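Read through the structure below, which is laid out as structure tokens, and then see the notes.
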Amino acid sequence: MAAGNLPVLRKSRPQLTTLIQLEDLADPTTQHAATRLGSGATASNTVARHAACDADIARILLGPDGLPLDVGRSVRLVPAHIRRAAEVRDGGCVFTGCHAPSWWCDAHHLVHWIDGGATSLDNTALLCERHHTQVHHGYTLLWDPGQRCWRTYRPDGREIITGALTDTRGDLLPDLHTTDPPLFPLRT
């Protein structure tokens with residue numbers, strides 16, 4: 001980290017420098033060696049899209065001579081108030097069957113920012129690192145407004161369904177995926 005102080009958890013992202021054409025970053029098909037990393041190594045545009053999902057992006061417009069003409073500003077990170085609302089709504093990782101608490105989760109854009117997705121509560125879902133990666137590899141999340149719950153679909157379109165959690169003897173385990181208590185108790 002540039003400042004030299006390591007964050008406790010989920011406070012600051014590692015810094016990664018990549019150089020990629022906007023068209024390659026926006027292309028959903030894998031283009032090998034589409035981005036050059038700060039180390040000089042190359043990677044696919046899929047790797048760059050995954051890294052950009054929960055990153056602070058600085059757009060730099062280069063002129064014909066390769067010198068910067070304009071440095072954009074970051075506008076896509078989920079701000080604290082939207083993340084907190086997602087934590088209250090989701091209670092933790094929304095991937096079916098996962099019980100990871102909210103402090104283990106990344107804020108994921110359902111419609112990727114580069115594809116025109118808004119940085120809003122409606123376009124945000126909490127995912128643990130494992131399931132965040134799976135969503136970037138073809139799994140899909142959908143909010144079911146009628147049931148007020150998230151549904152998870154495999155890359156082939158089949159929904160993931162789980163039953164009650166049990167221990168090795170078959171006894172029911174408590175549901176640990178609960179929302180946080182209200183910040184301010186209601187007064188009666």
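Model, not experiment: these values are computed from the prediction. Note that these values count all heavy atoms, side chains included, but never hydrogens, waters or copies made by symmetry.
Taking CG of Asp106 as the start and CZ of Arg83 as the end, the distance is 7.5 Å to the nearest 0.5 Å. Here the NE2 atom belonging to His131 is positioned 13.0 Å from the NE2 atom belonging to His137, to the nearest 0.5 angstrom.
The number of heavy-atom neighbours closer than 6.0 Å to CD of Gln21, taken from other residues, nucleotides and ligands shown, is 12 or below.
No donor-acceptor pair under 3.5 Å is formed between the side chain of Asn45 and the backbone N or O of Ala34. No side-chain donor-acceptor contact under 3.5 Å links Arg154 to the backbone of Tyr139.
Clustering ILVMFWY residues whenever any of their side-chain heavy atoms sit less than 4.5 angstrom apart, transitively, puts Val47 in a cluster other than the one holding Ile20.
Residues Cys93 and Leu127 are in side-chain contact: their nearest non-hydrogen atoms beyond the backbone lie under 4.5 Å apart. Looking only at side-chain heavy atoms (C-beta outward), Arg158 and Ile160 stay at 4.5 Å or farther from each other. Residues Leu141 and Val135 form a side-chain contact, since some pair of their non-hydrogen atoms from C-beta on lies under 4.5 Å apart. Annotation: side chain of His32 is not in contact with side chain of Thr42 (no heavy-atom distance under 4.5 Å). By the 4.5 Å heavy-atom criterion applied to side chains, Arg84 and Val88 are counted as neighbours. Residues Arg151 and Trp143 have side chains not in contact (no heavy-atom distance under 4.5 Å, counting atoms from C-beta outward). At a threshold of 4.5 Å between non-hydrogen side-chain atoms, the residues Thr96 and Ile161 do not count as touching. Contact of the Arg89 side chain with the Trp150 side chain is registered, since non-hydrogen atoms from C-beta on lie closer than 4.5 Å.
With His109 as reference, Thr119 is the one residue of Thr119, Asn123, Asp115 to meet the side chain to side chain donor-acceptor pair (under 3.5 Å) rule.
When ring centroids are compared, His136 and His108 come within the 6.0 Å threshold.
Counted by atom type alone, Thr30 and Ser44 present zero donor-acceptor pairs between their side chains at under 3.5 Å.
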